[in-house]
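Let me begin by presenting the structure, written as structure tokens, before commenting on it.
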Number of protein chains: 2
Amino acid sequence: MLDGRNRLNLDGQLAEAVPEELTDGPSPLNRAGRRASDALLDHLASMILRGELITGNPLPSERELMKRYGVSRSVVRETIIGLAGRGLLKTSPGFRPVVNKPDYDAALDSVGRLVAHLTTDEEGVKNIFESRVFLEASLARWAALNARKDDIRELEERLLRNREAVGVRRIFEATDVAFHDVLYTIPRNPVYPAIHRAYVDWLRKPWSSIERTAEIDLVMYAGHEGIFKAIVDRDPDLAEESLRRHLNTAWEFVRSTFDFQARAGGTARPSVSPSPEPASGQ
Amino acid sequence: MLDGRNRLNLDGQLAEAVPEELTDGPSPLNRAGRRASDALLDHLASMILRGELITGNPLPSERELMKRYGVSRSVVRETIIGLAGRGLLKTSPGFRPVVNKPDYDAALDSVGRLVAHLTTDEEGVKNIFESRVFLEASLARWAALNARKDDIRELEERLLRNREAVGVRRIFEATDVAFHDVLYTIPRNPVYPAIHRAYVDWLRKPWSSIERTAEIDLVMYAGHEGIFKAIVDRDPDLAEESLRRHLNTAWEFVRSTFDFQARAGGTARPSVSPSPEPASGQ
DNA sequence: GCTGAATTTTGGTCGTACCAACGTAGAAAT
DNA sequence: ATTTCTACGTTGGTACGACCAAAATTCAGC
């Protein structure tokens with residue numbers, strides 16, 4: 001029996017919470033051109049957001065849902081896809097969708113998919129990167145002014161780890177990110193760490209394509225050290241300045257990679273397809 | 001006639017751009033558990049982002065698409081829903097989906113749907129608001145250091161308009177937003193104005209529920225004036241400080257509204273169904 | 001008890017069918 | 001000839017049934 005296992009905790013709730021929209025009459029267009037899948041979507045979305053569907057649990061099977069709500073499988077599937085698109089479900093082909101209550105991370109993540117396309121040209125990456133420098137510089141300033149002792153201890157520790165990783169690409173990158181991350185946690189607002197993860201994610205591609213040598217790592221590390229010292233010295237202007245300089249240096253490396261890749265894939269549409277040729281069959 | 005109207009310009013392109021994934025073999029699961037709708041989605045997404053599908057134009061009919069790509073209607077529909085979820089299409093029941101190339105605004109907008117749920121409690125609003133204060137304070141500092149003459153002229157003009165609107169709720173709010181908006185445009189990075197619109201959007205609900213009197217408007221205006229003067233005087237610290245103080249004052253008003261509204265919540269649908277009754281069956 | 005084969009369930013896709021809302025085109029009326 | 005009305009085709013929304021292959025589950029055999 002699979003009674004209490006992969007059935008979520010919605011055996012009861014669902015049954016009665018079924019919106020009238022989904023149960024009224026035969027099955028034609030539900031009132032006012034509202035899609036059945038939209039109604040179901042709203043319903044499930046609401047359940048997820050209210051915590052009635054536990055995060056991490058799989059959704060009931062599609063066939064179960066269609067029985068439960070009296071809709072066709074098409075509707076169920078479209079609903080699921082819609083929810084997934086909104087970040088309320090994680091789907092992977094062949095598996096049950098998993099409930100994914102959104103937090104700041106999920107929110108940023110959903111932008112990510114769009115931002116991804118904005119970061120295909122240098123212009124887009126530059127805009128994003130610039131905003132990052134701006135924010136992070138402010139965070140550095142804030143840190144210099146407000147960091148607690150344990151914040152500084154954490155910063156120092158991660159700085160050390162970064163030092164030790166010089167020359168070891170993967171680890172250096174990780175410790176690099178980890179160091180910067182402290183800056184985002186100091187204000188103790190969950191929004192910032194989420195933003196940081198988002199930045200790292202968005203800029204990962206161009207970032208990871210930059211050259212890496214022990215010398216370059218050392219330059220980067222030196223930047224971190226400078227930032228750290230300025231914060232320890234409680235010098236906001238210097239902290240900001242150091243961080244700006246550090247990230248701008250990094251940007252130079254990133255930018256240099258664009259001179260290469262910026263070949264075929266221009267910004268607008270040089271478009272590989274030579275001409276639309278409106279004449280074809282049809 | 002409907003010849004060149006609601007057919008987009010993709011008669012030619014589509015035909016040849018069809019990815020092999022969608023054409024190979026009979027029709028079982030396309031390689032590696034990849035959903036056909038995902039493949040189609042990527043394909044269309046790419047076309048939209050590359051401008052091959054013109055923004056504002058309707059997509060071809062579903063039946064047309066299924067013929068074109070050799071997939072079933074289910075796949076086409078699921079693709080469309082997926083694209084809509086990503087903000088690449090605007091759909092309204094009964095009408096053809098409309099191409100909607102995303103920009104920073106659209107990106108932020110897609111987060112909005114998720115953020116909306118995070119702003120239902122004071123905690124969430126506070127986090128968001130705090131991040132706004134932080135960013136805007138930095139922008140004020142930046143403005144004090146780098147604003148051009150015409151930036152300052154613009155700022156002054158909007159400050160005046162704001163002054164004139166004291167006491168006239170709707171107009172005051174608009175000019176208020178307009179004033180702040182200048183700060184976001186000064187760095188000349190399209191990301192910031194988008195962020196501002198997003199903030200305004202997210203915080204609109206709690207914001208618009210605050211009390212409004214001529215006196216309060218005057219306090220707000222005074223805040224704007226202080227910020228403006230600090231920027232004109234090229235005093236970054238004062239500019240930042242003024243802005244912080246200004247927004248924190250506003251926050252006090254916002255916060256006071258939570259003591260009231262924190263009743264039923266009433267985000268989406270006041271919903272006829274009174275309560276989910278978390279204790280039923282199972 | 002644990003591994004592996006047999007079986008059931010489930011997601012992915014297809015195809016067909018029906019409804020209601022439009023829009024078009026042709027027929028009918030002015 | 002212009003307008004009006006009606007029949008028909010198209011389109012999006014939904015339902016149902018059928019397959020396949022990959023999971024999940026069960027069961028047999030070691």
(request) List for me each residue that meets salt bridge (Lys or Arg N to Asp or Glu O under 4.0 Å) alongside A/R212, sequence neighbours excluded, and say none if there are none. (result) A/E173, A/D217
Grab the [atom1]-[atom2] distance between [X] and [N] for me, whole Å please.
X	N	atom1	atom2	answer
B/L89	D/dG12	CG	P	12 Å
A/M66	D/dA15	CE	P	8 Å
B/I80	D/dG13	CD1	C1'	12 Å
A/R96	D/dT25	CZ	C1'	12 Å
A/E64	C/dG11	CD	P	10 Å
A/E78	C/dG11	CD	C1'	15 Å
B/L41	C/dG12	CG	P	14 Å
B/R77	C/dC14	CZ	C1'	15 Å

(message) Need to verify one output field. Residue with the more 5' nearest nucleotide on DNA chain C, B/F95 or A/E62?
(response) A/E62
(request) Could you say whether A/S92 or A/S74 is positioned toward the 5' end of DNA chain C, judged by the nucleotide with the nearest heavy atom to each? (result) A/S92
By nearest atom, which of the nucleotides [options] is closest to the [X] side chain?
X	options	value
B/R63	D/dC19, D/dG12, C/dC14	D/dG12
A/S72	C/dC14, C/dC18, D/dA15	D/dA15
B/V75	D/dT14, C/dT13, C/dC18	C/dT13
B/R73	C/dC14, C/dA17, C/dT13	C/dA17

(message) Which label fits B/Y69 and B/H43: parallel for a plane angle under 30°, tilted from 30 to 60°, or perpendicular past 60°?
(response) perpendicular
(request) Describe the nucleic acid contact of B/S61 in one word from base, sugar-phosphate, nothing, applying a heavy-atom distance below 4.0 Å. (result) sugar-phosphate
(request) State, yes or no, whether a side-chain contact exists between B/V76 and B/R63 at a heavy-atom distance under 4.5 Å. (result) no
(message) Between B/D42 and B/R35, does any side-chain N to carboxylate O distance fall below 4.0 Å?
(response) no
(request) First locate atom CD1 of A/I80, then atom OG1 of A/T91, and finally report the distance between them rounded to the nearest 0.5 Å. (result) 8.5 Å
